[in-house]
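First comes the structure, then the notes that go with it.
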Amino acid sequence: MAGEAQSDCLFCKIVAGEVPATVVRESETTVAFRDINPQAPTHVLVIPRVHHPDAASLAAAEPQIAADVLREAGDVAAQEGAESYRIVFNTGPGAGQTVFHAHAHVLGGRGLQWPPG
């Protein structure tokens with residue numbers, strides 16, 4: 001169920017401290033940690049502490065927490081010294097989402113091409 005921790009969700013386990021992660025920031029509503037397969041020098045995931053399967057469901061159910069994720073993404077970029085950066089939300093397997101817990105990728109530290117691939 002959305003909003004409740006899921007026992008089979010990797011990111012819920014990171015929030016609960018059951019799975020280790022290299023955490024770079026935490027707030028009351030979010031956790032930010034380094035991606036284990038970075039695609040740029042700065043590649044940090046920002047997740048809500050509550051479980052929602054994707055960004056759209058998070059925004060519909062809890063818009064303030066969705067805003068917190070975006071604010072934290074910007075703070076992560078600043079903390080990492082990324083003057084230019086990208087915030088990416090993948091939604092669905094066809095878009096490359098592999099963990100079905102809403103999350104933002106913060107990518108920076110190198111030139112990023114457009115359109116993304």
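Only heavy atoms go into these numbers, but all of them, side chains included; no hydrogens, no water, no symmetry mates.
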Output for pair (T29 OG1, E72 CD), nearest 0.5 Å, gives 7.0 Å
One should read off an interatomic distance between L45 CG and T30 OG1, to the nearest 0.5 angstrom, of 12.0 Å
Query raised in the report: Between V46 and V99, is there a shared hydrophobic cluster once you connect ILVMFWY residues whose side-chain heavy atoms come closer than 4.5 Å?
Result: no
Sorted by chain and number, sequence neighbours left out, side-chain hydrogen bond (donor to acceptor under 3.5 Å, both in side chains) with Q97 holds for none
When Q6, E4, H101 are each screened for side chain to side chain donor-acceptor pair (under 3.5 Å) with H51, the one that passes is H101
Atom CD of E28: over 12 foreign heavy atoms under 6.0 Å
no
V31-F100 co-clustered via ILVMFWY side chain contacts under 4.5 Å:
no
With hydrophobic residues grouped by side-chain heavy-atom distances under 4.5 Å, do F11 and V50 end up in a single group? no
Interatomic distance, CG@L10 vs OG1@T98, rounded to 0.5 Å, equals 9.0 Å
In terms of heavy-atom contacts, Y85 and V106 come closest through CD1-CG1, 4.4 Å
The reported gap from CZ in R110 to OG1 in T42 (rounded to nearest 0.5 angstrom) is 10.5 Å
Legend entry - Aromatic contact, H103 with H105 (centres under 6.0 Å): yes
Compute whether any side-chain donor of one residue and acceptor of the other, for H52 and E62, lie under 3.5 angstrom apart.
yes
So OG of S27 and CG of D68: to nearest 0.5 Å the spacing works out to 6.0 Å
Contacts of Q39 meeting side-chain hydrogen bond (donor to acceptor under 3.5 Å, both in side chains) (sequence neighbours excluded), chain-then-number -> none
Looking only at heavy atoms, the pair that brings A59 and A66 closest together is CA-CB, 3.9 Å
> Does some side-chain heavy atom of F89 sit less than 4.5 Å from a side-chain heavy atom of D54?
Replying inline: no
Checklist entry - Is it true that R49 and E26 have a side-chain N and a carboxylate O under 4.0 angstrom from each other? => result yes
To the nearest 0.5 Å, atom CZ of R86 lies from atom CG of L107 at 7.5 Å
For A55 and A102, the nearest pair of non-hydrogen atoms, with its separation, is N-CB, 3.8 Å
Of all heavy-atom pairs linking I65 and P48, the shortest is CG2-CB, 3.7 Å
* Asked: Are the charged groups of R34 and E80 less than 4.0 angstrom apart, N to O?
  -> yes
Nearest heavy-atom contact between A82 and G108 is CB-CA, 4.4 Å
May I ask whether V44 and I47 are part of the same hydrophobic cluster, defined by side-chain heavy atoms of I, L, V, M, F, W, Y residues being less than 4.5 angstrom apart, directly or through others? no
Shared hydrophobic cluster, V24 / I87 (ILVMFWY, side-chain heavy atoms < 4.5 Å) | yes
Minimal heavy-atom distance between A60 and P63, with the atoms involved, is O-CD, 4.3 Å
